[in-house]
Amino acid sequence: MALRLYNTLSGKIEEFQPLDDNRIRMYACGPTVYDYGHIGNFRTFIAVDLLRRFLRQSGYAVNYVMNITDVDDKIIRNSARDGVSVKQYTAKYEKAFLEDVEALNIEQPKLVRATDHIAEMAEFIAKLQKKGFAYRSEDGSYYFRIANFPAYGKLSKKDFAGMEDGARVDVDEYDKDNARDFALWKAPKPGEASWETSIGPGRPGWHIECSAMSMEELGESFDLHAGGEDLIFPHHENEIAQSEALTGKPFARFWMHARFLLVEGEKMSKSLGNFFTPRDLMLKGHKPSAIRFLLTSVPYRNQLNFTFDGLKQAASNVEKLRNFQSRLTQGQFPAGAPENMVALAVETTERMKAGMNDDLNTAQAQAAMFDMVRKANAAMDANQLKKDDVPLLLAVLGKFDEIFSVLKDDDAAKMKRIAEWAKAEGREKDISPELLDAVRAAQLSDQQVNQKLAEMEQARRTRNFKASDAIRAELAAAGIVVENTKDGARWKRK
RNA sequence: GGCGCGGUACCCAAGUGGUAAGGGAGAGGUCUGCAAAACCUUUAUGCGUCGGUUCGAUUCCGACCCGCGCCUCCA
């Protein structure tokens with residue numbers, strides 16, 4: 001059973017087989033670092049992260065490259081506004097992006113920066129010009145000649161043949177041969193960042209970086225190219241045009257696009273006041289694990305309604321999984337060979353795999369996991385779960401977490417970093433009481449907590465409940481929740 | 001206007017031509033020194049509306065209503 005994935009290019013779900021036997025080469029359009037990334041951006045990045053993780057789990061070696069766009073109109077405009085260099089400006093947001101990636105447990109892809117590949121882009125354009133697919137305008141800009149690339153529109157399913165040229169000509173771009181032709185290279189303007197290259201001075205157009213860098217890193221043809229659904233046109237369409245015009249070979253075989261999300265049932269926009277970055281949410285006291293889990297809970301091609309209620313639900317989900325894990329790892333179980341748990345473990349593994357193989361149906365995979373959790377918990381309650389069942393169930397849970405990555409409880413530490421960042425940015429006022437609670441939970445070390453726990457257990461054994469309750473209260477005040485079970489005490493950070 | 005996606009319980013949400021996964025929340029219960037956790041029961045004769053095809057439709061077809069995306073560098 002192999003992965004079946006929706007391919008925007010064909011408009012169908014197809015079996016995903018790599019060009020090489022066992023090696024996957026994939027590319028995703030990363031952030032333009034002109035501002036902090038928002039949850040919509042991260043939905044896409046997490047969806048691709050899930051794909052990458054699942055492919056690896058399925059036995060493939062995955063080479064995953066993502067670009068960072070560190071030069072574009074907004075960056076130039078904003079850096080000028082702030083009176084800093086483009087490099088200084090983008091460095092801040094690139095750093096923030098990497099921090100967010102880490103906070104959300106997105107495994108870092110190989111990152112490539114546009115400004116590190118200007119020369120290659122110039123070369124790319126020069127070759128296109130030689131082949132007749134690019135032309136230079138009077139001011140020194142270069143454009144792609146769509147008329148010479150008949151396949152234009154195959155990704156976005158647009159038929160440009162019947163469209164009237166020049167219907168919507170941008171007055172600033174009067175020197176294009178055809179209104180649909182797009183910029184490969186922009187001639188320098190006074191005060192704007194510019195590079196000296198083999199094709200003259202200027203800066204790259206938006207699309208060329210992805211063509212040049214993906215080709216350099218992954219070859220002329222590779223397996224999969226991903227991004228948000230808005231990128232289908234014009235960005236990815238233009239990438240295909242540039243790349244295939246140059247090489248005459250198919251560019252990416254699979255095109256994966258993540259659907260936009262809604263926030264509280266409405267589209268996310270700054271004007272509606274429902275525009276959120278992961279940082280905003282963490283400042284409000286939401287755990288990064290909950291943010292990640294919510295963003296994975298709806299399959300990537302479905303619209304996801306991101307709500308604060310949903311965020312709470314996701315936090316409960318994560319906690320349920322973590323509780324289950326600690327119950328398994330810390331509980332005492334009767335000796336004995338595994339019996340009914342074997343079938344459950346196998347069935348769950350298969351259901352998860354079948355779900356993910358079905359165009360990354362994360363909801364199905366999660367449902368399978370929660371079924372297992374409920375049944376295994378019931379078995380534990382009935383004292384039917386044997387010692388040898390434990391590694392079996394933990395292995396299934398581990399497989400789940402190789403993809404979803406929410407079990408490790410480092411939320412408090414991550415939120416502490418956000419609080420520090422907010423202070424450094426002069427945004428103390430945005431730090432919520434809930435965030436302070438979470439940060440407090442990071443203050444005691446594991447060792448300190450375990451020390452207190454031992455004292456509490458001692459008090460309980462001697463039925464000195466007054467003392468044990470005092471310790472419980474003390475730990476609770478430090479953001480530590482203690483659960484007493486017949487097999488001993490467990491704790492977790494609030 | 002062109003192209004495309006979706007509307008499932010209080011909330012999030014999967015799914016199927018044969019009678020509705022999973023989670024959260026609520027209610028009741030079991031367990032329990034306290035506090036949790038966990039488990040059990042319960043909450044859609046119903047899947048936007050109206051027609052049609054069919055032995056049978058939430059699932060296919062049509063119309064309509066509503067939401068969302070792309071068609072100008074927004075993931």
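Side chains are part of it too, since the values below use all heavy atoms of this structure and drop only hydrogens, waters and symmetry mates. Every chain is numbered from 1 and lettered A, B, ... according to where its sequence line falls, protein lines coming before strand lines.
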What is the nucleic acid contact for A/A378, judged by heavy atoms within less than 4.0 Å: base, sugar-phosphate only, or nothing?
-> sugar-phosphate

A/I106 atom CD1 is separated from B/A75 atom C1', nearest whole Å, by 12 Å

Of all of residues 358-375 of chain A, which get a heavy atom below 4.0 angstrom from RNA chain B, listed by number?
-> A/N361, A/A363, A/Q364, A/A367, A/F370, A/D371, A/R374

Nearest-Å distance, CG (A/D49) to P (B/A75)?
-> 19 Å

Answer with base, sugar-phosphate or nothing: what part of the nucleic acid does A/L262 contact at a heavy-atom distance below 4.0 Å?
-> sugar-phosphate

For atom CD of A/E483 and atom C1' of B/A35, their distance in whole Å | 9 Å

Looking at B/G67, B/C73, B/A75, which one has an atom nearest to any side-chain atom of A/M268?
-> B/A75

Which whole-number value in Å describes the distance from A/D100 CG to B/A75 P?
-> 14 Å

Is the A/Y135-A/F144 ring centre distance short of 6.0 angstrom?
-> no

Measure the distance between the ring centre of A/F260 and the centre of the six-membered base ring of B/A75, then answer whether it is under 5.5 Å with planes under 30°.
-> yes

Have A/D70 and A/T90 got a donor and an acceptor in their side chains that come within less than 3.5 Å?
-> no

Between the side chains of A/E209 and A/T69, is a donor N or O closer than 3.5 angstrom to an acceptor N or O?
-> yes

Over how many whole Å does the gap from A/D70 atom CG to B/C73 atom C1' extend?
-> 15 Å

Specify the separation, in whole Å, of atom CH2 of A/W255 and atom C1' of B/G4.
-> 18 Å

Distance, P atom - from B/C34 to B/G22, rounded to whole angstrom = 32 Å

Which protein N or O atoms sit under 3.5 Å from an N or O of nucleotides 31-33 of chain B?
residue, atom, partner, partner atom, Å
B/G33, O6, A/R460, NE, 2.8
B/G33, N1, A/D469, OD1, 3.1
B/G33, N2, A/D469, OD1, 3.0
B/G33, N2, A/D469, OD2, 2.4

Would you say the side chain of A/R301 and the base of B/C5 hold a donor-acceptor pair, judged only by whether the two atoms sit under 3.5 Å apart?
-> no

Spacing of A/D73 atom CG relative to B/C74 atom C1', expressed in whole Å = 14 Å

How far, in whole Å, is B/C61 from B/U53 if one measures between their C1' atoms?
-> 7 Å

So which of residues 486-494 of chain A are in contact with RNA chain B, with a heavy-atom cut-off of under 4.0 Å?
-> A/R490

Under 4.5 Å between any side-chain heavy atoms of A/K492 and A/N323, yes or no?
-> yes

Identify whether any heavy atom of A/E229 sits under 4.0 Å from a base atom; if not, whether one sits that close to sugar-phosphate; answer base, sugar-phosphate or nothing.
-> sugar-phosphate

Which of parallel (below 30°), tilted (30 to 60°) and perpendicular (above 60°) describes A/H235 and A/H207?
-> tilted

Below 3.5 Å between N/O atoms, which protein atoms pair up with nucleotides 25-27 of chain B? Just atom names and distances, please.
none

Contiguous Watson-Crick or G-U pair runs (3 or more, under 3.5 Å) in RNA chain B = B:1-7 with B:65-71, B:10-12 with B:22-24, B:25-30 with B:38-43, B:48-52 with B:60-64

Select from A/S156 and A/I39 the residue whose nearest nucleotide in RNA chain B is closer to the 5' end of that strand.
-> A/S156

Note: contacts of residues 318-328 of chain A with RNA chain B (heavy atom, under 4.0 Å) are A/K320, A/N323, A/R327

Tell me whether the guanidinium CZ or amine NZ of A/R301 lies under 6.0 angstrom from the six-membered ring centre of A/Y6 and within 45° of its axis.
-> yes

Assign A/D381 to base, sugar-phosphate, or nothing according to its heavy-atom contacts below 4.0 angstrom with the strands shown.
-> base

Looking across every strand, which nucleic acid part, if any, lies under 4.0 Å from A/H38 by heavy atom: base, sugar-phosphate, or nothing?
-> base

Does a distance-only test, which skips hydrogens and angles, find a donor-acceptor pair under 3.5 Å between the side chain of A/K270 and the base of B/C74?
-> no

Taking the nucleotide of RNA chain B with the closest heavy atom to each, which residue, A/N302 or A/Y34, is nearer the 5' end?
-> A/N302

Ring centers of A/F97, A/F45 separated by less than 6.0 Å = yes

Ignoring the backbone of A/K267, work out which of B/G69, B/A75, B/A13 is nearest its side chain.
-> B/G69

